[in-house]
Amino acid sequence: MKKTFPWSRRQALTIAAALAACTLGGAHAQGAWPGTQPIKLVVPFTAGSGTDIVARLVAEKLGPALGTSVIVDNRPGAGGTLGAAIAAKAPADGYTLLVHSAGHLVNPWIYKGLSYDTLKDFTGVTPMASLPNVLVTAPSHFTDVKDLVAKAKAKPGGLNYGSAGNGSATHMNAEVFRLAAGVDAQHVPFRGTPEAMTEVMAGRVDWFFAPMVSALPLIKSGKLKALAVGTAGRSSALPDAPTTVEAGVPGSAYLFWVGLFAPAKTPQPVVERLQAEVAKIMGSPELKERLEKLGAEPFTMPSAQFNKFIADETAKAQQVVKAAAIKVD
């Protein structure tokens, strides 16, 4: 007797294709990602920047951990907004990610007409490292933080402070400090950190919250004086330097960090795998030692916690930008 089937050939093929798609999707969710396709980390700053250095340290270890290659793609410009726009428009498949800094949360408030929404178009995977800023001056300029604040208050608007550009982490740290200290001084934005430090060493700029990674060699050589670190806790790179809070300015702590982001609709299993692998990498003794030499420290958290952190820090950034009237020229 001839056997019969309830489906036509076309229906059978359609069902088979659907089952295959489900199988592939299930394999993807269960860990087949990323296969052999390379993963790209978009870094919206130049090679050699603090954000870039952290991205390359992680990429070096993340590739082998995932069984594929991880490449760093530098796309600098407009305070990190150009690279962020590229990552925001990328397919949400886990193959294009963004490595950005705390400045990512400042940009919505100082750049008009951004093509992406910082909160809606990205999901936070994990922060990776914190990079303290250090309050530096010319060696003979001030004895300590209290001396700086006293002289600034005695001459409102008479002193100045540098930054690596409007809205940069160095600028935000300076404004948080200035507002907390209640002093009036002139902001002098530069094209970058090297230019600002040169002017501080020459005594033409009174103070600057320099990235630890850039300032440490000049501090050790005696060309710059470290008055305090901007973070809530002391830095192991400069253990004798107090925090600005310890030095007498409550509410002046500022955290500069570098983190990993993915396009908003990236599958949650991919986000969780990335977070777990990066946390392992940042927690390794080798990475801790390499970061310590740069004045940086590992800083990770689960994705859900990071997204809450992002929302809170974005609101804080808006308050500082408004209070300090920060604008992009």
Side-chain angles (χ1 to χ4, degrees), residues 43 45-58 60 99 101-103 127-145 147-148 161-165 168-174 176-177 188 190-247 249 252-259 282 284-299:
V43 176
F45 303 105
T46 56
S49 64
T51 303
D52 175 76
I53 290 171
V54 173
R56 292 180 186 277
L57 286 175
V58 171
E60 180 184 321
V99 177
S101 67
M128 298 189 291
S130 62
L131 291 79
N133 288 325
V134 55
L135 174 56
V136 296
T137 68
S140 60
H141 233 50
F142 306 102
T143 56
D144 54 25
V145 172
D147 182 40
L148 183 158
Y161 56 100
S163 80
S168 66
T170 60
H171 186 197
M172 291 293 288
N173 203 154
V176 169
F177 171 79
V188 184
F190 291 90
R191 293 183 63 184
T193 290
E195 295 87 347
M197 290 196 299
T198 296
E199 293 302 295
V200 172
M201 287 187 285
R204 290 185 287 270
V205 169
D206 294 308
W207 76 83
F208 174 50
F209 275 89
M212 183 74 75
V213 62
S214 303
L216 204 53
L218 295 172
I219 293 170
K220 291 184 176 180
S221 68
K223 294 180 180 179
L224 285 174
K225 182 176 182 178
L227 298 185
V229 292
T231 45
R234 294 198 181 199
S235 169
S236 58
L238 284 175
D240 294 331
T243 67
T244 53
V245 173
E246 289 175 332
V249 186
S252 60
Y254 176 78
L255 178 64
F256 177 64
W257 48 266
V258 172
M282 303 313 294
S284 69
E286 179 188 352
L287 257 291
K288 286 182 179 180
E289 182 179 352
R290 293 174 73 175
L291 287 173
E292 187 175 342
K293 291 179 180 178
L294 300 172
E297 298 176 359
F299 176 46

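Contact check for Val99 versus Val58: no side-chain heavy atoms found under the 4.5 Å cut-off. Side-chain contact between Leu291 and Pro298 is present, with at least one heavy-atom pair separated by less than 4.5 Å.
Atom CZ of residue Arg290 and atom CD of residue Glu60 lie 4.5 Å apart, to the nearest 0.5 angstrom. To the nearest 0.5 angstrom, Glu297 atom CD is 11.0 Å from Met282 atom CE. Considering CH2 of Trp257 and OG of Ser101, their distance stands at 7.0 Å, rounded to 0.5 Å. Remark: Thr231 OG1 to Leu255 CG distance equals 8.0 Å, nearest 0.5 Å. Within the model, atoms CZ of Phe208 and CG of Leu135 stand 10.5 Å from one another, a figure rounded to the nearest 0.5 Å.
Among residues two or more places apart in sequence or in another chain, the side-chain hydrogen bond (donor to acceptor under 3.5 Å, both in side chains) test is passed with Tyr254 by none. Qualifying ring pair (Phe, Tyr, Trp, His ring centres under 6.0 Å) partners for Phe45, counting only residues two or more places apart in sequence or in other chains: His100. Qualifying salt bridge (charged side-chain N to carboxylate O under 4.0 Å, His left out) partners for Asp147, counting only residues two or more places apart in sequence or in other chains: Lys151. Partners of Glu289 according to the side chain to side chain contact (heavy atoms under 4.5 Å, CB included) rule, which considers only residues two or more places apart in sequence or in another chain, are Lys293. Every side-chain hydrogen bond (donor to acceptor under 3.5 Å, both in side chains) that Ser168 has, sequence neighbours left out, goes to Thr170. Scored by the side chain to side chain contact (heavy atoms under 4.5 Å, CB included) test, Glu246 finds Arg234, Pro242, Thr243 as partners (sequence neighbours excluded). In this structure Ala47 satisfies the side chain to side chain contact (heavy atoms under 4.5 Å, CB included) test together with Asp52, Arg56, Asn74, sequence neighbours excluded. Every residue two or more places apart in sequence or in another chain that forms a side chain to side chain contact (heavy atoms under 4.5 Å, CB included) with Glu195 is listed here: Phe190, Arg191. Partners of Thr244 by side-chain hydrogen bond (donor to acceptor under 3.5 Å, both in side chains), not counting sequence neighbours, listed by chain and number: Ser252. Applying the side-chain hydrogen bond (donor to acceptor under 3.5 Å, both in side chains) criterion to Glu199, with sequence neighbours excluded, gives Arg204.
When all heavy atoms are compared, the tightest approach of Ala237 to Gly295 is CB-CA, 3.7 Å. Nearest heavy-atom pair, Ala55 versus Val43, reported as atom, atom and distance to 0.1 Å: CB-CG2, 3.6 Å. Between Pro132 and Ala296, the shortest heavy-atom contact is CD-CA, 4.2 Å.
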- For side-chain contact (heavy atoms from CB on, under 4.5 Å), just list the numbers for Leu148 and Trp207, CA-CA rounded to whole Å, side-chain angles, deciding distance to a tenth of an Å, and then say yes or no. CA-CA 9 Å; Leu148 183 158; Trp207 76 83; 3.8 Å; yes
- Can you list the steps and then say if Lys288 with Glu292 is a salt bridge (Lys or Arg N to Asp or Glu O under 4.0 Å)? CA-CA 6 Å; Lys288 286 182 179 180; Glu292 187 175 342; over 6 Å; no
Could you go through residues 209-229 and list every donor-acceptor pair under 3.5 Å that involves a side-chain atom there, pairing it with any protein atom two or more places apart or in another chain?
{"unit_1": "Ser221", "atom_1": "OG", "unit_2": "Pro217", "atom_2": "O", "d": "3.2"}
{"unit_1": "Ser221", "atom_1": "OG", "unit_2": "Leu218", "atom_2": "O", "d": "3.1"}
{"unit_1": "Lys225", "atom_1": "NZ", "unit_2": "Phe142", "atom_2": "O", "d": "2.8"}
{"unit_1": "Lys225", "atom_1": "NZ", "unit_2": "Thr143", "atom_2": "O", "d": "3.2"}

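Applying the side-chain contact (heavy atoms from CB on, under 4.5 Å) test between Leu131 and each of Thr51, Val54, Ile53 identifies Val54 as the sole match.
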